[in-house]
Structures are given as structure tokens and as C-alpha cells.
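In this chain, residues are counted from 1 in sequence order. Just follow the structure's listing: the first ligand is 1, and inside any ligand the first atom is 1.
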Amino acid sequence: MPAGYAMTDKLRAAITSDVDTLASIYKGEGCRRAGGYTYLEFRVGLENFSEFLRPYGARATLFMVGNDFKIEKNHASIRDVAADGHEIANHTTSHAQGFRHLSPEEKKQEIMDMDELCRAVAGVKPIGFRSPGWNISDDAIPVLQEAGYHYDSSVFPTSLSPALKLMHWYTSRSRGSMERSTLGQSEYVFAPIVPYRTRSDSFLRRGNDGILEFPVTVTPLLRIPFFATFLLSSGFGVFKQSYLALKNAGRPVQFQFHLSDFVDYGHPELLDQVPEDGKGYYVPKALRMPLAERLAIFRRVMDTLAEDYCFSTLSEWVGEVRV
Ligand SMILES: [Zn+2]
């Protein structure tokens, strides 16, 4: 335990989730169901996530997609998660995977349309943003500032970024080039790995006139990703090693889930909405692993985190970041 670290001084952990439906990610590709998507996963995934967090007293930041607010049967679920105290943040209107390559005007449209839908349906204005696929670029900073956003959480400064970019390019080979792009500008590999204020023209540099950035957590030095969907592939051992490296360095963490982590895609209603493997779409492991198995792993994660960390949403964290 590092000097000056008392048992009562818990570090901060934010639990976040990208609420990506099959409709958002695959946009119809691989959906064989007559009549299209049913959004069962939206309701079930949010209910399961909220129930999962309850014993820990943890409220999460949910990055949500505007198009899901246009579906009337989703409204009750959206209001329920807001009533449970979870923060709703902006994940664009159409889950624009190629967000980084959009013009500033198009970026603004993607942000503001979701913003309006969220205010109309949930009665709250989002103050945080995450680009789909963590795929952001420097020209988004003034757009977010003008739109009244207090923070961004799209920078993913992992050393595995070049490999992950290649893997995404290959596994999404049936898609257009915008959809095959991921993880933002290449130099973000070297961005700060703790919350920081950016320069107004660069996510790579600290400054005093940019936006507050909560980068996706990576380990000190090696910059190994530290989030749920990665954990399902790497196993609990890698998680524990990363966890100890973060805890011993006194680092706060942002632990990121996806909607799919909490949905049983073996459900008869969902089976014919899930794309098949090997057809040129990226299909995460969570879609194939039994839900009970995933929940058991995630409970070990939360039990471990709860020992040393206290949980808050990113909006609660905003006022307390020292930059
Ligand atoms: Zn997403």
C-alpha cells in the first residue's frame, strides 16, 4: 500500500455503459427477423444492469443513442434508469461509428439531435459525451463546448490501439470504410491516462481552455485496457493484475460495460436478430457467452472494486477533478 494511503480513503470508480442495441451497431445487417428489431434487449439489458448495480449502491453513467429515444416502447426503460439515479449521457443520435470523420456541422447535428430527444423523453440535458467506437477527433472539442457539454469520455489511450484498429478493420470488412474506423486519432495512444482538461484544439495535450476528458481506463506503464468487454476475452487473472497495478498506483478507474454484457442473446426472440459470426461483422464474445457466466465474472469485479473504490457517476466526478 503506498504511503499516505489510508483504508478509509477510497479511490474513485465510475461505472459506465455504452447502451448499444443491435439496431445501433448492425443497422439491419444480419437481422433475419420479419419486422426487424424488437428492442427486447434494450429493456432487459437496462433492467439487468440496474439490478446488478443495486447491491453495490452504484449508479452508472449510461451513454445512450438518440435513435433509441424515438422508439416509444423504450421510453419507460429510459425513465426507469433515470429514476434509479443513473446518469444519461450522449452517445450520438445514430451511433455514428465514423463520427471522427464527420464535418463539425455533422458532428453538431449528431450531438444536438440526441440532446433534444433526451430532454423531451427523460427530462434531462446530457452533459457528457462518448463517441461510438471511441472514435473522436480534435475538432469535436469546440462542438461539445458550444453544445454545453462539461466532459467527454472518448479517448482510449491503450497501447493495443494499433492492433485493435487492425482487428476492427478486418472483422468489419462487410461495412463501409467509415464503419471500419475506430479508436480516434492514432496519436491518442499517448494521451494522458487520468482525467484531464484538454487544450481547445487537441485531446492529446493538457490545457486550460478545452473540455474535461475522462479517458477510458488503461493500466499504468503498459496501458492495457481495463473494461468489461475486454475482461470477458482476457479472463479474471488479467483483470486482477491490472487492478492491482491501478490500485497500487492510487489511480481512479472508469470501468466500462456495454448493453450486450447484460443481455441473454440466446432468448428465442433475439436469436434471429443477432448476426452470424464470420460474415464480416464484429460480434463481441458477450453475445455468445451464457449470461449467468458473465454475471458471475462481473460480480467478482464489482466485489473487488468495492473493497478499495467508491462509486460515482462521471457527472458527479466533474466538479472534483483536479486538473
Ligand atoms: Zn457504442
Side-chain angles (χ1 to χ4, degrees), residues 14-31 37 39 41-42 45-46 49 60-71 74 77-78 81 86-102 106-107 110-111 113-115 117-118 126 128-137 140 144 149 151-156 158 161 164-165 167-169 171-172 175-176 178-184 188 214-217 225 227-233 254-263 265 273-275 281-287 314:
I15 305 298
T16 71
S17 180
D18 293 2
V19 183
D20 299 337
T21 58
L22 295 168
S24 294
I25 304 173
Y26 299 109
K27 298 180 168 67
E29 286 181 278
C31 177
Y37 298 107
Y39 294 91
E41 52 168 343
F42 189 83
L46 288 175
F49 190 47
T61 296
L62 304 170
F63 290 93
M64 300 183 86
V65 174
N67 281 345
D68 293 328
F69 289 66
K70 295 177 184 166
I71 313 286
N74 288 343
S77 309
I78 293 167
V81 288
H86 302 299
E87 176 193 0
I88 300 179
N90 193 326
H91 198 41
T92 74
T93 302
S94 70
H95 201 265
Q97 174 75 30
F99 184 81
R100 167 192 171 185
H101 301 290
L102 301 179
E106 290 167 325
K107 286 184 169 78
E110 279 286 345
I111 292 165
D113 288 352
M114 185 284 174
D115 197 288
L117 285 159
C118 186
F129 178 77
R130 177 175 291 149
S131 180
W134 311 283
N135 205 10
I136 199 147
S137 53
L144 285 166
Y149 280 69
Y151 72 88
D152 173 77
S153 183
S154 309
V155 172
F156 194 172
T158 172
S161 189
L164 293 172
K165 277 175 183 271
M167 198 177 83
H168 183 79
W169 182 261
T171 54
S172 58
R175 322 291 297 266
M178 297 263 280
E179 296 282 312
R180 298 178 75 182
S181 161
T182 193
L183 285 160
Y188 296 165
F214 290 104
V216 179
T217 297
F227 73 110
T229 315
F230 180 72
L231 156 74
L232 292 180
S233 307
Q254 187 212 136
F255 197 73
Q256 188 187 337
F257 291 96
H258 284 87
L259 180 73
S260 57
D261 292 327
F262 290 88
V263 178
Y265 286 93
Q273 299 176 52
V274 178
Y281 331 106
Y282 169 67
V283 182
K285 190 161 183 173
L287 271 63
L314 290 176

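Coordination check, His258 versus the Zn ion (ligand 1): failed, since every N/O/S atom of the residue sits at 2.8 Å or beyond. Taking backbone and side-chain atoms together, Asp20 has an N/O/S atom less than 2.8 Å away from the Zn ion (ligand 1).
Of the candidates Phe214, Tyr188, Phe227, Phe227 is the only one forming a ring-ring contact (aromatic ring centres under 6.0 Å, His included) with Phe156.
Here Phe63 pairs with nothing under the ring pair (Phe, Tyr, Trp, His ring centres under 6.0 Å) rule; sequence neighbours left out.
Nearest N/O/S atom of His95 with respect to the Zn ion (ligand 1) is recorded as NE2.
A donor-acceptor contact under 3.5 angstrom links the side chains of Glu41 and Tyr265, judged on distance only. With hydrogens and angles left out, the side-chain atoms of Thr158 and Ser161 include no donor and acceptor closer than 3.5 Å.
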